[in-house]
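Down below is the structure, laid out as structure tokens.
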Amino acid sequence: MRKVFRPHIVLCTVGRLFTLILIVAPLFMLCVFTKFAFFSGEINYIFIPLILFAIGLSILVWWLMRFFWQQIWGKLILDENKITWRCIFCPKVQIKYSDIRFIAVRNFGNRNVVHVDLYKTGFQFILITTQLLPTLPIDKVRCKNSTIKWAKNHAVCEALSKMVPANFRSALK
């Protein structure tokens, strides 16, 4: 029995399209502006501020992708004996059910929260780890080594509660 969970439908569709546009647009602008500025036979100084704008936009996109990449491109796979988290360009994280040390549900608290919960997510995340729980705020925790962070929803909690050892089931309710 294998179950695959992807992010919320808005993140999975619009978020992925938006990230592709954010990555391609500054690179395209940079290529076009440098072509017109330097390779037209003379230096056209009008395009130099536009080139600097495209470089600044590229830096901004890189900074934004650090926060949203794992939430948009990640997927959680529940197998019979292990949990696997995968994401494009990130190392795969696998945790056997017998190796789980902690499962916790964390929310944003008063940090970075818009107090309107349109999609009934509760701004909560499930942390699964084989080590000690991270002391960082939940928005700073990333999936790596032996820690998996996933947005909490009813389907994931129900599937996890059937698979994890009995002493961790109360944390998923």
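Side chains included, hydrogens not; waters and symmetry mates left out as well; all remaining heavy atoms used.
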Point to revise | Joint hydrophobic cluster, Y97 plus I77, side-chain heavy atoms closer than 4.5 Å | key: no
Exercise for review: Go through the structure and list residues passing side-chain hydrogen bond (donor to acceptor under 3.5 Å, both in side chains) with S58, not counting sequence neighbours.
Suggested key: none
Revision key, fill the gap. In short, A155 meets F5 closest at the heavy-atom pair O-CZ, 3.8 Å
Exercise for review: Without swapping roles, check the side chain of K149 against the backbone of C143 for a donor-acceptor pair under 3.5 Å.
Suggested key: no
Exercise for review: Tell me whether V4 is reachable from I95 by hopping between hydrophobic residues (I, L, V, M, F, W, Y) whose side-chain heavy atoms are closer than 4.5 Å.
Suggested key: no
Point to revise | Any pair counted as salt bridge (charged side-chain N to carboxylate O under 4.0 Å, His left out), so long as it reaches residues 56-82, sequence neighbours left out | key: R2-D79, D79-K82
Practice item. Would you check if F102 and L132 make a side-chain contact, meaning some heavy-atom pair closer than 4.5 Å? Key: yes
Exercise for review: Look at the side chain of Q71 and the backbone N and O of P7, then say whether any donor-acceptor pair between them is shorter than 3.5 Å.
Suggested key: no
**Study point:** Minimum side-chain heavy-atom gap M65-V61 below 4.5 Å
**Key:** yes
Check your understanding: Are L127 and I103 side-chain neighbours, meaning at least one heavy-atom pair lies under 4.5 Å?
Key -> no
Study note, to complete from the structure: By side-chain hydrogen bond (donor to acceptor under 3.5 Å, both in side chains), S146 pairs with (sequence neighbours left out) T130, Q131
Practice item. May I ask you to test the R142-Q70 pair for a side-chain heavy-atom distance under 4.5 Å? Key: yes
Exercise for review: State whether the number of non-hydrogen atoms from other residues, nucleotides or ligands found under 6.0 Å of F68 atom CZ is greater than 12.
Suggested key: no
Exercise for review: Using the test salt bridge (charged side-chain N to carboxylate O under 4.0 Å, His left out), find all partners of K162 that sit at least two apart in sequence or belong to another chain.
Suggested key: E158
Check your understanding: Going by heavy atoms in the side chains, are T129 and I148 under 4.5 Å from each other?
Key -> no
Point to revise | Shortest non-hydrogen contact between C90 and W69, atoms and distance | key: SG-CD1, 4.0 Å
Practice item. Side-chain contact test, heavy atoms from C-beta onward, threshold under 4.5 Å: evaluate it for W85 versus Q94 and give yes or no. Key: no
Check residues 11-28 and write down every donor-acceptor pair under 3.5 Å in which the side-chain atom is one partner and the other belongs to a residue at least two apart or another chain.
{"unit_1": "T13", "atom_1": "OG1", "unit_2": "I9", "atom_2": "O", "d": "2.8"}
{"unit_1": "R16", "atom_1": "NE", "unit_2": "I72", "atom_2": "O", "d": "3.2"}
{"unit_1": "R16", "atom_1": "NH2", "unit_2": "I72", "atom_2": "O", "d": "3.4"}
{"unit_1": "T19", "atom_1": "OG1", "unit_2": "G15", "atom_2": "O", "d": "3.3"}
{"unit_1": "T19", "atom_1": "OG1", "unit_2": "R16", "atom_2": "O", "d": "2.8"}
{"unit_1": "T19", "atom_1": "OG1", "unit_2": "W73", "atom_2": "NE1", "d": "3.4"}

Check your understanding: N81 versus K96: any side-chain heavy-atom pair under 4.5 Å?
Key -> no
Practice item. Report the C-alpha separation of T84 and L78 in whole Å, then their side-chain angles, then the decisive distance to 0.1 Å, and conclude whether the side-chain contact (heavy atoms from CB on, under 4.5 Å) test is met. Key: CA-CA 6 Å; T84 305; L78 302 178; over 6 Å; no
Practice item. Report the distance from atom CG of N107 to atom CD1 of I138, rounding to the nearest 0.5 Å. Key: 9.0 Å
Point to revise | Exceeds 12 heavy-atom contacts within 6.0 angstrom, atom CZ of R169 | key: yes
Point to revise | Atom of W150, atom of L76 and distance for their closest heavy-atom approach | key: CH2-N, 3.7 Å
Point to revise | Non-hydrogen side-chain atoms of V93 and T147 separated by less than 4.5 Å | key: no
Atom pairs and distances, side-chain donor-acceptor, residues 46-53, under 3.5 Å, sequence neighbours left out:
none

